[in-house]
Amino acid sequence: MNDLAASAGGSIESRVDLVDPRAPRFGQAITATLLLAGAAAGAPALVYAVAAILGLAALTRWRLDLYAVTWRRLAIPIVGAPPEREPATPHRFAKLLGAGGSLIASLLLVLGLFLPGFAIAAFVGLLAALGATTGFCLGCQMYRQVSVLRRRGVL
């Protein structure tokens with residue numbers, strides 16, 4: 001157990017690597033709304049905003065995650081603590097993929113390539129909407145598949 005976990009009164013896994021299962025869906029809903037609205041309205045600023053939010057979270061190793069802070073400060077007081085938690089790593093991997101997709105879309109938009117930029121933004125937005133509405137997270141599934149291959153020594 002490291003110092004952080006010891007001072008927090010639990011294992012590092014129980015304090016850092018677990019997430020409220022509703023929180024990723026909350027973030028996916030925001031991502032989907034912003035990206036799909038940006039693509040539908042032809043508003044690159046909404047795509048840039050998602051790229052900035054997700055990119056900042058990834059670059060700071062999830063310390064500056066606007067979605068997580070919003071969930072903890074606004075939603076938890078309303079909906080209450082989760083009955084159980086689940087591993088955060090698959091969700092972080094999915095968020096990293098969303099950051100990459102929205103960054104690529106943003107770069108294309110900055111270069112004036114509006115059709116491919118908005119198409120990629122819409123695709124990422126649709127995947128986020130799928131996760132938010134059904135709980136099926138493609139990025140999480142991809143993470144699990146790679147993990148299985150890693151455990152078997154294939155990767």
Side-chain angles (χ1 to χ4, degrees), residues 4 12-13 15-79 82 85-155:
L4 172 65
I12 191 72
E13 182 175 306
R15 295 309 236 169
V16 177
D17 292 330
L18 297 177
V19 65
D20 178 341
R22 302 165 298 180
R25 291 178 81 170
F26 173 78
Q28 290 166 333
I30 296 170
T31 296
T33 301
L34 292 175
L35 290 178
L36 292 174
L46 295 175
V47 179
Y48 303 154
V50 171
I53 291 167
L54 296 179
L56 181 63
L59 288 174
T60 62
R61 301 181 136 221
W62 318 110
R63 288 183 197 97
L64 295 176
D65 186 344
L66 183 61
Y67 294 163
V69 169
T70 304
W71 177 257
R72 283 192 304 269
R73 301 238 172 143
L74 297 179
I76 289 292
I78 296 168
V79 300
R85 295 175 165 275
E86 62 187 30
T89 310
H91 298 292
R92 289 178 179 166
F93 181 77
K95 194 179 280 191
L96 186 62
L97 293 176
S102 60
L103 178 63
I104 290 169
S106 294
L107 291 174
L108 290 170
L109 292 170
V110 166
L111 294 172
L113 301 169
F114 296 106
L115 183 61
F118 284 128
I120 291 172
F123 180 69
V124 173
L126 288 172
L127 289 176
L130 178 68
T133 58
T134 68
F136 177 78
C137 174
L138 182 61
C140 299
Q141 294 301 318
M142 291 171 64
Y143 175 82
R144 290 182 183 104
Q145 294 302 317
V146 170
S147 296
V148 167
L149 295 175
R150 237 188 261 141
R151 280 193 301 271
R152 293 187 177 166
V154 176
L155 293 177

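Keep in mind the model is a prediction, meaning the values are calculated, not measured.
For the pair L97 and G139, the tightest heavy-atom approach, listed with the atom from each and the gap, is CD1-CA, 3.9 Å. Looking at every heavy atom in both residues, A122 comes nearest to L36 through O-CD2, 3.6 Å. The minimum heavy-atom distance between R85 and D20, with the atom names listed, is NH1-N, 3.5 Å. In plain terms, the two heavy atoms of G125 and L35 that are nearest each other are N-CD1, 3.8 Å. Contact between L138 and L127 at its shortest, heavy atoms only, is CD2-CD2, 3.9 Å. Considering all non-hydrogen atoms of both residues, K95 and L54 come closest at CG-CD2, 3.5 Å.
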### Task
Determine, stepwise, if the pair M142 / V146 fulfils side chain to side chain contact (heavy atoms under 4.5 Å, CB included).
CA-CA 6 Å; M142 291 171 64; V146 170; 5.6 Å; no

### Message
Does F26 form a side chain to side chain contact (heavy atoms under 4.5 Å, CB included) with I30? I'd like the steps, not just the answer.
### Response
CA-CA 7 Å; F26 173 78; I30 296 170; 3.6 Å; yes

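Remark: L103 CG to Y48 OH distance equals 11.5 Å, nearest 0.5 Å. Within the model, atoms OG1 of T31 and CG of L46 stand 12.0 Å from one another, a figure rounded to the nearest 0.5 Å. Interatomic distance, R92 CZ to Y143 OH, rounded to the nearest 0.5 Å: 10.5 Å. Residue L96 holds its CG atom at 5.5 Å from CH2 of W62, rounded to the nearest 0.5 Å. Taken from CG in L64 to CG in L56, the straight-line distance is 5.0 Å, to the nearest 0.5 Å.
L18 has its side chain out of reach of E86: every pair of non-hydrogen atoms, C-beta onward, lies at least 4.5 Å apart. Two residues are said to be in side-chain contact when any heavy atoms from C-beta on lie closer than 4.5 Å; R144 and Q141 meet this criterion.
In this structure Y67 satisfies the ring-ring contact (aromatic ring centres under 6.0 Å, His included) test with no other residue, sequence neighbours excluded.
Within a 6.0 Å radius of CZ in F123, other residues, nucleotides and ligands contribute 12 heavy atoms or fewer.
The backbone N or O of A99 lies less than 3.5 Å from a partner atom in the side chain of S102, making a donor-acceptor pair.
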